[in-house]
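Note sheet for the following structure.
Throughout, protein chains are lettered first and strands after them, A, B, ... in sequence-line order, and every chain is numbered starting at 1.
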Amino acid sequence: MFIDIHVHPNFYEGIDKGKEMFALRQKGLNIHKNSIATIQHVKNQMKCAGLDKLCLLAQDESSLYGQPLVSNQEVAGLVNQAPELFFGFASVDPLTDHWEEELYFAFQELHLNGLSLNLSKLKLYPTDDRLQRLYEICLEEDKPILFHCGCSYEHDTVAKYSHPLEFEEVASSYPKLRIGLEHFGWPWVKDTAMLMLKYQNVYVDTAALFFDNALEFYRYIFTKEYEWTWVERSLRHQIMFGSDNPRFEQIRMAHALDELGFSKKTLDLIKGENAMEFMGIKNG
Amino acid sequence: MAKQVVYQTIWTDQYTQMVNITKQIEEVVQSSGVQNGMVTVLSMHTTAGITVNEGLECLEQDIDEFLTKLVPESAPYHHARLLPDYGSTAGNPTGHLKAMLVGNHCHLLIQNGVLEKGSAQEVYFYEFDGPSKRTYCVILEDFDKTFS
């Protein structure tokens, strides 16, 4: 099963709420000149990319926008509408009231598969005391967390809060908490390699296409920043395919993975098996 | 000269795709009431084109292979970068170049209320960066109203 672990459904037809919200979602993601995507169009894109399932991320930074840009209910609605296509990740804003209840609700009632957070936007370090309870709830509920990591192309984000090394203490303090670091933690790609090497509970996603085309950028990451053998021999159980769609080129990134010369086993892990493990979903 | 403009939307479902839109153009012409005039079919995009050719599977394949040879996916293009205005990566230089080669429009005559075209001529909308939502417009010019 080929899974994209990192997709923003902000512009999906099923959750469209009109022009004002569309504009707010554009502002929130810093994505422009785009349009509403029908589910049929999403399916067409998936088919072209060879993808079987997408993991849709809610986006709750209510302390900044006054409301979730994509609510947990909206993500759950999309998943329920097409469970054969989608997994769903919750989002809560720990700087607002009632986030604990919302998180329990997202996990226990909406059955979302994990939590998504962009701390460079909330301007919180991963070690911030206000996040400890959040980690505990994810552990209690056996749910992973996907953290935005490294460069964020969203407005009003500060990279120091999402530097990979800031996550080491969390990985070390909560060895059973499954932590996904997005974007390879670019530009601190070697730092994420170090974290994966030291901590089996740290995963990264491949949602990085900051320069060049998909194949060129993946070659740079996998053969210049990393040695190809680092992945093939040591890190292949902790890398998940992610595209950050609609930011990056989902179809071309999916195809580029096949051009890097990895073994079939490594590709199977990166394309889906690691994501299933990360989400705690048993195969078969 | 009297003009009518009709917008048509299609959803393509492949990366490159030749969509034969001749019937749709004929229907627009028929319902326009124009008896003698000219129709222009115009793509509203920079990575999709309009072309006229014979509607044969073999030719469709030859055209696709010819364009791919001229504009290979693997060449090092400048249009491969994050675009600040979009907030997303440009990965479609081949689409722009192929669309430029094919062109963005075609003209055909209307005679006695029907589309006047050669027996081998079919109108194609050519997708070069799909799947996507696409719009083309059909511009009808009425010669009779010009001269009456």
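For B:Thr12, the part lying under 4.5 angstrom from a heavy atom of chain A is the backbone only. Heavy-atom distances place both the backbone and the side chain of A:Arg247 under 4.5 Å from chain B. The parts of B:Pro84 that come within reach of chain A are both its backbone and its side chain, each placing non-hydrogen atoms under 4.5 angstrom from that chain. Residue A:Leu215 does not touch chain B at all, counting heavy-atom pairs closer than 4.5 Å. For A:Ile36, the part sitting under 4.5 Å from any heavy atom of chain B is the backbone (N, CA, C, O) and nothing else.
Of the listed residues (A:Asn34, A:Ile251, A:Leu29, A:Thr38), the one with the most heavy-atom contacts under 4.5 Å to chain B is A:Thr38. Counting heavy-atom pairs closer than 4.5 Å to chain B, the top-ranked of the candidates A:Glu154, A:Gln45, A:Lys47 is A:Gln45.
Under the 6.0 Å cut-off for aromatic ring centres, A:Phe248 and A:Phe210 qualify, their centroids lying closer than that.
The existence of a salt bridge linking A:Glu74 and A:Arg25 is confirmed by a sub-4.0 Å separation between a basic side-chain nitrogen and an acidic carboxylate oxygen. Taking the charged nitrogens against the carboxylate oxygens, A:Asp258 and A:Lys264 have no contact shorter than 4.0 Å, which rules out a salt bridge.
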| said: With ring pair (Phe, Tyr, Trp, His ring centres under 6.0 Å) as the criterion, how do A:Phe222 and A:Phe184 come out once you've worked through the C-alpha distance, each side chain's angles and the decisive distance to 0.1 Å? | reply: CA-CA 10 Å; A:Phe222 282 110; A:Phe184 280 111; 5.4 Å; yes
| task | Before giving the answer on side chain to side chain contact (heavy atoms under 4.5 Å, CB included), spell out for A:Met240 and A:Ile3 the whole-Å C-alpha distance, their side-chain angles and the decisive distance to 0.1 Å. | result | CA-CA 8 Å; A:Met240 305 180 286; A:Ile3 298 168; over 6 Å; no
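Here the closest non-hydrogen pair linking A:Val42 and A:Ala37 is CG2-CB, 4.2 Å.
Annotation: cation-pi geometry not satisfied between A:Lys53 and A:Phe2 (NZ/CZ under 6.0 angstrom from ring centroid, within 45° of ring axis).
Contacts with chain A (heavy atom to heavy atom, under 4.5 Å) involve these residues of residues 102-132 of chain B, listed by number: B:Asp129, B:Gly130, B:Pro131, B:Ser132.
Taking a 6.0 Å sphere around CD of A:Gln81, one finds it holds more than 12 heavy atoms contributed by other residues, nucleotides or ligands.
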Expected list for residues 7-14 of chain A: side-chain donor-acceptor pairs under 3.5 angstrom, two or more places apart:
{"from": "A:His8", "atom 1": "NE2", "to": "A:His6", "atom 2": "NE2", "distance (Å)": "3.2"}
{"from": "A:His8", "atom 1": "NE2", "to": "A:Asp244", "atom 2": "OD1", "distance (Å)": "3.0"}
{"from": "A:Asn10", "atom 1": "ND2", "to": "A:Gln59", "atom 2": "OE1", "distance (Å)": "2.9"}

